[in-house]
Amino acid sequence: MLITTTKTAIVTGASRGIGRAIALRLGQEGYAVLVNYHTHPEAAQAVVAEIVAGGGQAHAVPANVAQAADVERLFATARQTYGGIDVLVNNAGISAVRPLADTDDSLLDQLINTNVRGTLHGLRQAARHLRRGGRIVNFSSTAVAGATPGLGAYVATKAAVEAITRVFAKELKGRAITVNAVAPGLIDSEMFAEGKTDAQIQQVAQAAPLGRLGRAEEVADVVAFLVSEAAAWVNGQIIRVNGGVL
Ligand code: NDP
């Protein structure tokens, strides 16, 4: 059944963390939301249930963004279910805290396939299917600018995301589509906590300019702005959302 709606958003990696907060926020804003997940169907269904309970529309769709065919299917589902696509949030990503000397080929492949190929797969589909006036938000990390030891392979993938963001903003010329990236930092999340003790987390939070960690919802606020009409003149930019740490 084709459900007509004003606008449709695909959020990759929306079962948990920042993607979950973005899906909930866009659901509140009136978007029909494709809640993409990879390994946590129950978590994705819970996000859908929350959006629907709030009066919105949402669908959970499995896809491994590292696989081009999966991403193609995700876009096809969005078009079949809601008639078109207006917003792509390329949020799905993985990190690893590991010195490069200890980073084996398998981990390199996982990081590159998910963060770089995953983003490129989404962008390729968006280039083919996003409606005029659409919005794309990619995900980088403040760690690119922070030059954090142990995050070499991860920041290499996110630097690639920043580079393609600027290229893609130009490649979609003539369609009124904006392409930006958000580069979060110090977000209270499983990803941020990885490899740190509670005491280390507290220390980092207190040392931050605002004396705390950020929340996933605060990243979602910026994404909501970037996909709005109010951000029509923001294009090809990398927006750091990190409480001023860099
Ligand atoms: P989480 O680890 O909390 O969640 C990751 C999400 O991505 C999950 O929904 C997961 O789905 C999904 N995912 C992972 N791999 C794939 C895949 N191959 N295909 C589809 N979905 C996948 O991450 P965060 O919310 O913390 O991070 C979100 C984004 O923000 C990432 O791009 C990250 O690099 C970036 N970022 C995060 C920061 C932070 O402090 N948290 C800081 C800087 C950047 P499932 O659970 O179903 O497998």
Side-chain angles (χ1 to χ4, degrees), residues 10-25 33-48 60-75 77 88-97 107 109-122 125 136-146 148 150-151 153-162 164-165 181-196 201 204-205 208 212-220 222-223 238-243 245-246:
I10 294 175
V11 183
T12 66
S15 51
R16 295 183 291 119
I18 295 170
R20 173 182 178 277
I22 295 166
L24 293 174
R25 176 65 191 266
V33 186
L34 274 287
V35 177
N36 161 245
Y37 66 93
H38 183 213
T39 57
H40 289 89
E42 309 82 8
Q45 288 299 348
V47 175
V48 168
V61 185
N64 175 0
V65 296
Q67 299 291 335
D70 280 20
V71 179
E72 194 173 342
R73 247 193 326 271
L74 173 64
F75 274 72
T77 304
L88 169 65
V89 183
N90 259 325
N91 162 81
I94 56 170
S95 72
V97 183
L107 181 54
D109 284 346
Q110 282 176 46
L111 285 164
I112 291 168
N113 289 343
T114 305
N115 297 356
V116 182
R117 292 187 77 97
T119 299
L120 294 176
H121 292 153
Q125 288 299 317
I136 298 172
V137 181
N138 293 326
F139 264 75
S140 178
S141 167
T142 287
V144 172
T148 316
L151 286 177
Y154 174 70
V155 300
T157 67
K158 294 301 189 179
V161 169
E162 293 193 5
I164 185 67
T165 298
V182 169
L186 293 197
I187 304 301
D188 192 1
S189 62
E190 288 171 38
M191 190 178 276
F192 176 73
E194 189 191 337
K196 302 184 185 75
I201 292 171
V204 173
R212 65 173 178 89
L213 298 180
R215 292 180 292 110
E217 290 74 14
E218 291 174 309
V219 181
V222 176
V223 173
I238 316 300
I239 315 284
R240 289 192 202 138
V241 184
N242 59 26
V245 74
L246 260 175

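Just follow the structure's listing: the first ligand is 1, and inside any ligand the first atom is 1.
Nearest-residue assignment for atom 10 (C) of ligand 1 (options Arg16, Glu194, Glu42; heavy-atom criterion): Arg16. The option from Met191, Gln67, Arg117, Arg20 that lies nearest to atom 26 (O) of ligand 1, judged by heavy atoms, is Met191. Among Gly17, Gly19, Gly93, the residue whose heavy atom lies nearest to atom 5 (C) of ligand 1 is Gly93. Atom 15 (N) of ligand 1 has its nearest heavy-atom neighbour, among Thr114, Asn64, Asn90, Val89, in Thr114. Relative to atom 13 (N) of ligand 1, the option among Ala216, Ala66, Ala92, Ala183 with the closest non-hydrogen atom is Ala92.
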As a quick check of understanding, evaluate side-chain hydrogen bond (donor to acceptor under 3.5 Å, both in side chains) for Asn138 and Thr119, giving each step before the final call. CA-CA 7 Å; Asn138 293 326; Thr119 299; 5.3 Å; no
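The distance from ligand 1 to the heavy atoms of Ile187 drops below 4.0 Å at these ligand atoms: 39 (C), 40 (O). Near Asn36, with a cut-off below 4.0 Å to any heavy atom, the atoms of ligand 1 are 20 (C), 21 (N). Counting the atoms of ligand 1 from 1 in the order shown, those under 4.0 Å from a heavy atom of Ile18 are 25 (O), 30 (O), 37 (C), 41 (N). Residue contact check: Ala63 has heavy atoms under 4.0 Å from atoms 19 (N), 20 (C) of ligand 1. Atoms of ligand 1 found under 4.0 Å from any heavy atom of His40, numbered from 1 in the order shown, are 45 (P), 46 (O), 47 (O), 48 (O). Interface of Tyr37 with ligand 1, defined as ligand atoms under 4.0 Å from a residue heavy atom, comprises 47 (O). Those atoms of ligand 1 with a heavy atom of Phe192 less than 4.0 angstrom away are 40 (O). Listed by number with element, the atoms of ligand 1 under 4.0 angstrom from any heavy atom of Tyr154 are 33 (C), 34 (O), 35 (C), 36 (N), 43 (C), 44 (C).
Between the CG atom in Leu151 and the OG1 atom in Thr157 there is a gap of 9.5 Å [rounded to 0.5 Å]. Atom CD in Gln110 sits 11.5 Å away from atom OG in Ser95 (nearest 0.5 Å). Atoms CG and CD1, from Leu111 and Ile94 in turn, are 4.5 Å apart once rounded to the nearest 0.5 Å. Note that the CD1 atom of Ile22 and the CG atom of Asn91 stand 4.5 Å from one another [nearest 0.5 Å].
At a threshold of 4.5 Å between non-hydrogen side-chain atoms, the residues Phe75 and Leu88 count as touching. Counting heavy atoms from C-beta outward, Val65 and His121 have side chains that stay 4.5 Å or more apart. A 4.5 Å side-chain heavy-atom check between Leu186 and Asn242 finds every atom pair outside the cut-off. Glu162 has its side chain within reach of Val144: a pair of non-hydrogen atoms, C-beta onward, lies under 4.5 Å apart. Annotation: side chain of Val47 is not in contact with side chain of Tyr37 (no heavy-atom distance under 4.5 Å). Within the 4.5 Å cutoff, the side chain of Val33 has heavy atoms near those of the Val11 side chain.
Between the side chain of Asn90 and the backbone N or O of Phe139 there is no donor-acceptor pair closer than 3.5 Å. Here the side chain of Asn36 pairs a donor or acceptor atom with the backbone of Val61 at under 3.5 angstrom.
In terms of N/O distances under 3.5 Å, ligand 1 is not approached by Thr142. Looking at Gly185 next to ligand 1, no N or O pair under 3.5 Å apart turns up. Ligand 1 has an N or O atom lying under 3.5 Å from an N or O atom of Val65, backbone or side chain. Considering backbone and side-chain N/O of Ser189, one or more are found under 3.5 Å from N/O of ligand 1. Backbone and side-chain nitrogen or oxygen atoms of Ser141 are examined, and none is located within less than 3.5 angstrom of a nitrogen or oxygen of ligand 1.
Protein heavy atom in closest approach to atom 43 (C) of ligand 1: Pro184 O, 3.2 Å. Among protein heavy atoms, the minimum distance from atom 28 (C) of ligand 1 is reached at Asn91 OD1, 3.1 Å.
Under a 4.0 angstrom heavy-atom cut-off, Ser140 registers as being in contact with ligand 1. In this structure, Glu190 does not count as a contact residue of ligand 1, since none of its heavy atoms falls inside 4.0 Å of the ligand.
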